[in-house]
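Everything on this sheet refers to the single structure shown next.
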Amino acid sequence: MKNEVLDSLLTPKSVAVVGASATPGKIGYSVMKNLIDGGYKGAIYPINPSAEEILGIKCYPSISDVSGSVDAAIITVPSKLVDGVTDEIGRKGVKGMIVITSGFSEVGNRDLELALVKKANSYGTRVLGPNIVGVLSNTDKFNGSFAPFLPLPGKASLVSQSGALLIALDAATYTRRVGFDKLISIGNMSDVDFADIVSWLDNDPNTSCITLYIEGFKDGRAFIDAARKASKPIIALKAGVSAHGAAAAASHTGSLAGAAKVYGAALQQAGVIQATDLDNLFDRTLALSQQPPMKGDNLLIITNGGGVGVLATDAAERSGLPLKFAPADVQLELKKHMPEFGSAKNPVDLTGMAGNDWYGDSVRYSFAHPWTEGLVVLYCETAITDPMQIAQAIKKAVDESGVKDKPITVSFVGGEKSEVAMRWLVENGIPAYGAPDVAVDAISSLREFSRMKALSAQTTEPCAAFDSEAAREVIRKARADGRDSLTEIEAKEVFSAYGMPVTSTELARTEDQAVALAKKIGFPVVMKIVSPDILHKSDAGGVKVNIKDETGVREAFKTIMKNAKEYKATADIHGIAVQEMAPWGTEVILGSVNDPTFGPTIMFGLGGIFVEVLKDVTFRVAPVADTQARRMLDEIRGAPILAGVRGEEARDREALSDVICQYSTMILDLKDEIAESDANPVLVYEHGSGLKVVDARIILKKK
Ligand code: COA
């Protein structure tokens with residue numbers, strides 16, 4: 001969808017620099033000089049009450065004195081003056097403010113920032129920043145910033161929350177040879193945020209890959225929505241991954257949900273490719289901006305050296321693209337372009353004797369072959385070859401193959417001549433890297449892109465019918481009691497309302513009632529204390545299992561009551577829950593937190609020591625569709641246990657993914673009520689036999 005306001009902000013046809021200065025060293029001077037030196041073709045209006053002209057351009061005392069229309073205003077006056085100039089800018093009908101000025105929420109002045117956005121928006125003006133470097137665009141030769149120059153031209157666009165990093169990366173585009181069309185500094189994101197810019201860049205004809213440096217979102221869900229809808233690859237480096245919110249967590253899940261894990265899950269759900277560090281961000285951006293997605297897993301590697309071939313093979317395995325042997329016809333054909341002792345399997349080793357023709361012929365044939373879905377070409381600099389000629393042979397072969405919908409990456413390992421040849425390849429649209437594993441990682445990001453797009457396009461409809469009103473009634477009663485946590489029985493009623501199978505549990509207030517309930521449910525039974533003041537029931541000696549007869553029930557009732565009173569004399573004891581003793585199954589844990597950025601978020605892992613010691617858990621932002629749920633099951637390190645190990649039957653993974661979906665529906669529907677929750681343990685039975693939620697805990701939001 002076209003966004004004319006953001007068009008004005010990011011590709012303005014005319015700009016005013018409010019706070020333009022004739023004094024070198026001032027930011028208002030740098031911005032003016034950058035606009036001129038960058039070759040900006042639009043009208044430039046310096047605004048300064050005490051200057052006649054700046055850098056040879058007529059200056060105006062106020063933006064109201066400009067007669068022509070102005071698309072964007074770049075603000076370089078101190079923060080205390082911003083409010084005043086905003087009125088003039090708004091009245092002039094300027095659509096966008098690029099607010100470079102610092103001194104707002106980043107130093108605690110939140111009110112000043114809110115007032116700026118409120119005022120600007122009241123005129124229909126949007127605010128980028130404040131606290132930013134500015135906006136740079138090669139297409140428009142627009143350097144509306146105090147970064148020194150426009151980046152190396154290319155097809156990626158970078159959005160950075162850190163201004164200093166944006167300036168550093170601007171220079172690095174030349175040394176790293178990764179080209180960008182736009183660099184957009186987003187700063188405090190008081191108004192225009194990542195979601196707005198991602199949607200806009202997705203429609204920008206000069207951007208083919210959206211590269212993000214993220215410290216945090218204000219509205220995580222808006223970002224997920226925007227990213228999911230985008231058709232271009234988005235790659236992100238997320239910084240600031242220390243745990244947050246975990247310290248005060250009351251539930252098990254709360255203590256496991258660090259920012260890094262939840263962000264990782266959310267970015268994956270949004271279909272965003274993640275970079276591990278700045279190098280990786282650049283390397284992957286290069287491939288994503290120059291090459292099409294890789295639609296299948298068939299990766300072919302062609303090399304002239306066994307060593308780099310092995311390194312690339314290892315990297316392929318690490319990247320989730322383990323090599324398969326090339327089909328017989330491919331092997332037969334490639335054998336023609338190598339000596340007897342070469343190998344046509346995969347990696348295809350043309351040997352150190354390979355020259356331009358062997359490279360050219362094998363690339364042309366194998367790239368066009370329908371089996372190949374991605375190609376990595378490796379070259380070790382040898383005395384009998386010239387790197388530039390090899391590079392040209394590869395490029396010619398790619399062109400002659402006529403293939404446009406499969407990716408290729410290249411790695412040349414050698415000296416200066418190889419560097420020059422790789423630069424030439426990159427300039428001609430073929431991503432080239434100095435190490436074989438990097439070339440493989442880069443092509444794997446193109447595979448990841450198409451895999452994630454398929455997943456994130458999935459529907460997020462609720463997975464089953466549910467009875468929201470029944471659940472809310474349970475919560476209302478607990479709140480009326482003045483409680484902010486539910487008892488196990490209540491929590492299970494809520495779980496049941498969303499279709500989750502729970503062990504049948506009833507409350508006994510007296511010993512006789514417990515006996516009657518046990519007989520009704522059927523022996524053996526489990527008995528547990530029910531008290532809002534005793535959340536950790538086992539620690540209080542409040543749980544007895546495998547009770548086989550009436551005498552056992554009576555003994556257990558007395559012991560549990562005694563233990564509970566000893567544990568906490570003032571505890572409000574509702575009674576004792578008598579429940580069916582579920583047969584043994586594989587223990588898993590489900591849980592939820594209400595993440596400060598993404599809202600209701602679900603966790604899944606194997607129970608017992610897997611969660612306690614190994615913290616082998618995975619997260620998703622609710623709602624979680626079926627395929628994502630199945631992906632969660634595969635993601636944990638203990639996944640083989642669910643698939644069936646050592647001759648054991650596979651567990652009921654279908655039932656488990658249904659419950660993940662139902663659980664996510666519950667926490668989303670009750671997002672205003674539930675702060676944290678756990679179903680721990682959930683016992684999962686053999687394939688086809690379902691599962692049972694054995695214990696449940698819900699902590700309510702404080703109201
Ligand atoms: N309209 C237009 N110009 C005005 C004005 C008005 N109402 N009132 C004052 N000015 C002029 C000033 O006279 C000055 O011009 P001059 O050099 O001709 O005197 C110019 O605006 C700038 O004002 P000044 O007071 O000199 O401020 P400064 O240049 O020292 O600092 C900022 C201004 C915005 C650069 C500074 O406040 C700031 O925020 N710096 C940090 C920016 C940053 O790092 N951002 C991104 C971080 S990632």
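Read the numbers this way: they start at 1 and go in the same order the structure lists the ligands and their atoms.
- Contacts of Y433 classified as ring-ring contact (aromatic ring centres under 6.0 Å, His included), with partners at least two apart in sequence or in another chain: none.
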Close N/O pairs between ligand 1 and protein, under 3.5 Å:
| residue | atom | partner | partner atom | Å |
| --- | --- | --- | --- | --- |
| ligand 1 | 15 (O) | N48 | ND2 | 3.1 |
| ligand 1 | 17 (O) | S21 | OG | 2.6 |
| ligand 1 | 17 (O) | K26 | NZ | 2.9 |
| ligand 1 | 18 (O) | N48 | ND2 | 2.9 |
| ligand 1 | 26 (O) | K26 | NZ | 2.6 |
| ligand 1 | 39 (O) | S102 | N | 2.7 |
| ligand 1 | 45 (N) | I100 | O | 3.0 |
| ligand 1 | 45 (N) | S102 | OG | 3.2 |

What donor-acceptor contacts under 3.5 angstrom involve side-chain atoms of residues 45-54, with partners at least two apart or in another chain?
| residue | atom | partner | partner atom | Å |
| --- | --- | --- | --- | --- |
| N48 | OD1 | S50 | N | 2.8 |
| N48 | OD1 | S50 | OG | 3.1 |
| N48 | ND2 | A20 | O | 2.7 |
| E53 | OE1 | G56 | N | 2.9 |

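- The two residues A72 and P12 have their closest heavy-atom pair at CB-CB, 3.9 Å.
- Other residues, nucleotides and ligands place more than 12 heavy atoms under 6.0 Å from the NZ atom of K119.
- The ring pair (Phe, Tyr, Trp, His ring centres under 6.0 Å) contacts involving residues 64-105 comprise nothing, where partners must be two or more places apart or lie in separate chains.
- Y263 has its side chain within reach of F598: a pair of non-hydrogen atoms, C-beta onward, lies under 4.5 Å apart.
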